Amino acid sequence: MAVKHNTEYENSHLYRVRHSAAHVMAEAVLELFPQGKVAIGPAIADGFYYDFDLPRALTPEDLEVIEQNMKKIIKAGHPFEKKVISAAEAKKIFADQPFKLELIEGLELGGTDEDGNPVDEKPEISLYRQNTFVDLCRGPHVATTSEINPDAVKLLNVSGAYWRGDEKRPMLQRIYGTAWEKAEELQEYLWKQEEARKRDHRKLGKELDLFSINDEVGQGLILWHPKGAKIRMLIERFWINEHEKNGYDFVYTPHIGKSQLWETSGHLGFYNENMYAPIDIEGTKYYIKPMNCPFHLYIYKSNIRSYRDLPIRYAENGTVYRYERSGVLHGLTRVRGFTQDDAHHFCRPDQMPDEIDFVVEFSINMLKAFGFRDFQAYLSTKPEKSVGDPAQWLAAEQALEESLKRHNLPYEIDQGGGAFYGPKIDFKVNDAIGREWQLTTVQFDFNEPERFDISFIGEDGQPQRPYMIHRALLGSLERFFGVLIEHYGGAFPAWLAPIQAELIPIADRHIDYANKVARELRLEGLRVHVDVRSDRMNAKIRDAQNEKIPYMLIIGDKEMESNAVSLRKRSGEDLGAIPVVDFIALARSEVDSKV
RNA sequence: GCCAACAUAGCUCAGAUGGUAGAGCAGGCGUUUCGUAAACGUCAGGUCAGGAGUUCGAUCCUCCUUGUUGGCUCCA
């Protein structure tokens, strides 16, 4: 698996610090386990890791000891010394380190580096030594361990990792750590982790009563509670409106299809390991759908299409089921049953560039509506093994790339990273605390039009093959919901909040008036709830605040007299008493502007 | 699926070298009717994830199963 490289980061001092910290950690681990075998230990996005084969499982207490050892080594200021040697020498030095021997052999052959990326020229073999630890390593490192700030290094956790990421190879223990230039940066990183924990959609999902996953129902299957379902409905409603405005036709398709369908589509061949076992119906096998496209293709095929009909855009929030290994399931973001906001475009080759532009723009507008401002695009091109005419591939790749350029989107190219059936663009969004999430995907398909033999009648009266594009903008409603929860930290903007206003009568004598106001607000299309409990106002405010309800309307004697409500926003802002009509105007404008 | 850790009331968590468990919040019932982040009292809630073993006795020890968490791998 090819790993993308970020050269700017790799040339930074921080990268060297982290890589060096990994070596120091390895030394500290070997101090504890002299017989331990070391694998690889690179710098990664926020820190570093090192993989070990050790006689026993590490405990959190071990991590503390290792961390203390590291600090001792760091403070001693050992220099990192590089030495270039021959493969034979290297093999002698690492005679009792089987993983290193394997790496050396790889280097000898000029095959792959430690990430598994192919290496063109035969690289030189170098060692780096600090104090007692010698590692086979390309470098670079800092000059001495004292360049690592002992107050800005922290070991985070231990986990299992396969040697070279291959599940058929031994399982090693991986220790993750983080390292920064300054202690404050470490604190900030840890704060951000803490913030991420607070925003965790699984935690908020429970606290805000949005969704649950039940053992008896099944892993990776989502139960949408009323409030979560309300938000989903609002998302879908908006989505449908936008699609309607943009020339999509809506379709609905079944959840299962005969095995023949999946033979034709090719899924039984190339997607089999993600599909569930078939159901036998009167001797015929049916499969639960892992994708919606074959059904959409048959809708296309149900009639003769003229070049004048194109482009055709079929949209469906289609629920699919895919087998995922139990260990990878995660809240809403990795599940076994999910609803894709799917669509398939069929267009003439000459329409293709415009169609791409259209999808790119539409995607961005959709994501922006949900408060995402920063995007990263990834363009994946033709892999070695692929179907379809290379000229078509090239045209599609160029159209994709040109569209990204036209829209001023920062993008990276993943050479050869496309599916075998076509190139694609993925969009990742950055959420409120800067994390990346993959949502949108736009994929060309040169495979299925062929397999289903779809066509349109051209100007010349001859059948031609249309281009087909799969796209999901939000990705799946489940994942998107999870990302949204984390993006907003559960404080949904008014247009998405399941309850927009909590009415808080101060005493029981205010309940009738509160109900009257509530009816008025509901007639205006606002989602409101009256807190009729006998708690004190303060308690009601606190609860509404914890529920992250955008508006709290306090109702007491003063408000009753003047047909008003006292508005408190969840930000804590107290706007005092305002006429009910003023609140309606304010709420509506905030809902409409989606803030 | 694999490695590791974890699983106690609706939620968040305590607990004992093995003698069948508690708190806060939530919930029920009373009392209170209050002006911008928690009124007071009272009651009810648990086969300590499920199963097997060791033991006079298991929620605690051992094994298995299921699930969760962090990773590996994969991806909407």
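In the text below, chain A, chain B and the rest are named by the order of the sequence lines, each starting its count at 1. Fair warning: this is a prediction, and the values are worked out from it, not measured in the lab. Basis for what follows: all heavy atoms, side chains included, without hydrogens, waters or symmetry-related copies.
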A.B. asks: Looking at the base of B:rC75, is there any donor atom on it, or on the side chain of A:R479, that sits under 3.5 Å from an acceptor on the other one?
C.D. replies: yes
A.B. asks: Taking atom C1' in both B:rG19 and B:rA58, what distance in whole Å separates the two?
C.D. replies: 10 Å
A.B. asks: Could you please name the partner base of B:rA4, counting Watson-Crick and G-U wobble pairs only when both distances are under 3.5 Å?
C.D. replies: B:rU69
A.B. asks: Any strand is fair game: report the nucleotide pairing with B:rC56 by Watson-Crick or G-U wobble, both distances under 3.5 Å, or none.
C.D. replies: B:rG19
A.B. asks: Does A:R471 have a side-chain nitrogen or oxygen under 4.0 Å from the phosphate oxygens OP1 or OP2 of B:rA76?
C.D. replies: no
A.B. asks: With a 4.0 Å cut-off, would you call A:R471 and A:D342 a salt bridge?
C.D. replies: no
A.B. asks: Mind checking A:A161 for me? I need base, sugar-phosphate or nothing, with any heavy atom below 4.0 Å counting as a touch.
C.D. replies: sugar-phosphate
A.B. asks: Find the distance A:R164:CZ to B:rU73:P and express it as a whole number of Å.
C.D. replies: 13 Å
A.B. asks: Does a distance-only test, which skips hydrogens and angles, find a donor-acceptor pair under 3.5 Å between the side chain of A:Q545 and the base of B:rA38?
C.D. replies: no
A.B. asks: Think A:R202 has a side-chain N or O under 4.0 angstrom from the OP1 or OP2 of B:rU69?
C.D. replies: yes
A.B. asks: Under a 3.5 Å cut-off for both distances, is B:rA9 Watson-Crick or wobble paired, and to whom?
C.D. replies: none
A.B. asks: Would you call A:F338 stacked on B:rA76, i.e. ring centres under 5.5 Å apart with the planes less than 30° off parallel?
C.D. replies: yes
A.B. asks: How far, in whole Å, is B:rC3 from B:rC64 if one measures between their P atoms?
C.D. replies: 11 Å
A.B. asks: If you define the side chain from C-beta out and look only at heavy atoms, does anything of A:L332 sit under 4.5 Å from A:F480?
C.D. replies: no
A.B. asks: Mind checking if A:A57 touches a base, just sugar-phosphate, or nothing, with heavy atoms under 4.0 Å?
C.D. replies: sugar-phosphate
A.B. asks: Please evaluate the base of B:rG71 for a donor-acceptor partner in the side chain of A:Y162 within a cut-off of under 3.5 Å?
C.D. replies: no
A.B. asks: Does OP1 or OP2 of B:rA37 have a side-chain N or O of A:R568 closer than 4.0 Å?
C.D. replies: yes
A.B. asks: Just to confirm, is there a sub-4.0 Å distance from OP1 or OP2 of B:rG67 to any side-chain nitrogen or oxygen of A:Q219?
C.D. replies: yes
A.B. asks: Report the glycosidic orientation of B:rG45: syn if within 90° of 0, anti in every other case.
C.D. replies: syn
A.B. asks: A:Y271 or A:D574: which one's nearest nucleotide on RNA chain B is closer to the 5' end?
C.D. replies: A:D574
A.B. asks: If you look at every strand shown and take non-hydrogen atoms under 4.0 Å, does A:G475 touch a base, only sugar-phosphate, or nothing?
C.D. replies: sugar-phosphate
A.B. asks: B:rG35 base to A:S566 side chain: any donor-acceptor pair below 3.5 Å?
C.D. replies: yes
A.B. asks: Across all strands shown, which nucleotide pairs with B:rC75 by Watson-Crick or G-U wobble geometry, both distances under 3.5 Å?
C.D. replies: none
A.B. asks: Just wondering, do A:H243 and A:M366 contact through their side chains at under 4.5 Å, heavy atoms?
C.D. replies: yes
A.B. asks: Whole angstroms only, please: what is the CZ-P distance between A:R533 and B:rC29?
C.D. replies: 14 Å
A.B. asks: Nearest to the side chain of A:R322 - B:rG71, B:rG27, B:rC75?
C.D. replies: B:rC75
A.B. asks: At under 4.0 Å, does any side-chain N or O of A:K540 touch on OP1 or OP2 of B:rA38?
C.D. replies: no
A.B. asks: Name the pairing partner of B:rA14, where a pair is Watson-Crick or G-U wobble with both distances under 3.5 Å, or state none.
C.D. replies: none
A.B. asks: For B:rC72, take OP1 and OP2 only and decide whether either is under 4.0 Å from a side-chain N or O of A:Y176.
C.D. replies: yes
A.B. asks: For atom C1', what is the distance between B:rC34 and B:rG70, given to the nearest Å?
C.D. replies: 48 Å
A.B. asks: Taking the basic N atoms (NZ, or NE/NH1/NH2) and the acidic carboxylate oxygens, is any pair closer than 4.0 Å for A:R570 and A:E547?
C.D. replies: no
A.B. asks: Pick base, sugar-phosphate or nothing for A:N546, based on heavy-atom distances below 4.0 Å to the nucleic acid.
C.D. replies: base
A.B. asks: In whole angstrom, give me the gap between the P atoms of B:rC29 and B:rA44.
C.D. replies: 15 Å
A.B. asks: Write down the distance separating the P atoms in B:rA7 and B:rA49, rounded off to the nearest Å.
C.D. replies: 8 Å
A.B. asks: Counting any heavy atom closer than 4.0 Å, what does A:E559 reach on the DNA or RNA strands: base, sugar-phosphate only, or nothing?
C.D. replies: base
A.B. asks: By nearest nucleotide on RNA chain B, pick out whichever of A:I541 and A:L58 is the more 5' one.
C.D. replies: A:L58
A.B. asks: So among A:L477, A:L474, A:I231, which one has a side-chain contact (heavy atoms from CB on, under 4.5 Å) with A:E236?
C.D. replies: A:L477
A.B. asks: I'd like to know if A:R542 reaches the base of B:rA37 with its side chain such that a donor and an acceptor end up less than 3.5 angstrom apart.
C.D. replies: no
A.B. asks: Taking B:rG15 as the reference, what is the distance to B:rA76 when you measure between their C1' atoms (whole Å, please)?
C.D. replies: 44 Å
A.B. asks: Would you classify A:D342 as touching base, sugar-phosphate or nothing, given that sugar-phosphate means primed atoms plus P, OP1 and OP2, and contacts are heavy atoms under 4.0 Å?
C.D. replies: nothing
A.B. asks: Can you tell me how far C1' in B:rG27 sits from the matching atom in B:rU66, rounded to whole Å?
C.D. replies: 29 Å
A.B. asks: Let me have a per-nucleotide readout for nucleotides 39-48 of chain B, 5' to 3', with B, S or -, counting only protein heavy atoms under 4.0 Å.
C.D. replies: S---------
A.B. asks: Nearest whole angstrom, please: distance from the P of B:rA4 to the CZ of A:R174.
C.D. replies: 16 Å
A.B. asks: Across all strands, who's sitting opposite B:rA26 as a Watson-Crick or G-U wobble pair, both distances under 3.5 Å?
C.D. replies: none
A.B. asks: Have a look at A:V320 and say if it touches a base, only the backbone sugar-phosphate, or nothing, with a 4.0 Å heavy-atom cut-off.
C.D. replies: nothing
A.B. asks: Over all strands shown, is A:L156 touching base, sugar-phosphate only, or nothing at heavy-atom distances under 4.0 angstrom?
C.D. replies: nothing
A.B. asks: Indicate yes or no: at least one non-hydrogen side-chain atom of A:Q340 is less than 4.5 angstrom from one of A:R479.
C.D. replies: no
A.B. asks: Whether the side chain of A:D215 and the base of B:rU66 hold a donor-acceptor pair under 3.5 Å is what I'd like checked.
C.D. replies: no
A.B. asks: Any non-hydrogen side-chain atom of A:R542 less than 4.5 Å from a side-chain atom of A:R536?
C.D. replies: no
A.B. asks: Determine the Euclidean distance between corresponding C1' atoms of B:rC13 and B:rG51; express it in Å to zero decimal places.
C.D. replies: 27 Å
A.B. asks: Any carboxylate oxygen within less than 4.0 angstrom of a Lys/Arg side-chain nitrogen, looking at A:D62 and A:R56?
C.D. replies: yes
A.B. asks: Between atom CG in A:N214 and atom C1' in B:rA7, what is the gap in whole Å?
C.D. replies: 15 Å
A.B. asks: Salt bridge or not for A:R568 and A:D574, using N-O below 4.0 Å?
C.D. replies: no
A.B. asks: Can you see if the side chain of A:H330 gets near the phosphate of B:rG70 - specifically, an N or O under 4.0 Å from OP1 or OP2?
C.D. replies: yes
A.B. asks: Taking A:K192 first and then A:E195, would you say they form a salt bridge - that is, a charged N and a carboxylate O separated by under 4.0 Å?
C.D. replies: no
A.B. asks: Does any N or O donor sit under 3.5 Å from an N or O acceptor when you compare the side chain of A:E324 with the base of B:rG1?
C.D. replies: no
A.B. asks: With a 3.5 Å limit on both atom pairs, tell me what B:rU47 is paired to, counting Watson-Crick and G-U wobble, or say none.
C.D. replies: none
A.B. asks: Pick base, sugar-phosphate or nothing for A:G165, based on heavy-atom distances below 4.0 Å to the nucleic acid.
C.D. replies: sugar-phosphate
A.B. asks: Scan A:Q438 against the nucleic acid and name what it touches under 4.0 Å (heavy atoms): base, sugar-phosphate only, or nothing.
C.D. replies: sugar-phosphate
A.B. asks: Partner lookup for B:rA37, please. Criteria are Watson-Crick or G-U wobble with both distances under 3.5 angstrom; report none if nothing qualifies.
C.D. replies: none
A.B. asks: Please determine if a side-chain N or O atom of A:S326 lies less than 4.0 Å away from the OP1 or OP2 oxygen of B:rG1.
C.D. replies: yes
A.B. asks: Give the rounded distance in Å between these two atoms: CG of A:L367 and C1' of B:rA76.
C.D. replies: 13 Å
A.B. asks: Do you see a donor-acceptor pair shorter than 3.5 Å between the side chains of A:D51 and A:W163?
C.D. replies: no
A.B. asks: Quick one: does A:M468's side chain get under 4.5 Å of A:H345's, heavy atoms only?
C.D. replies: no
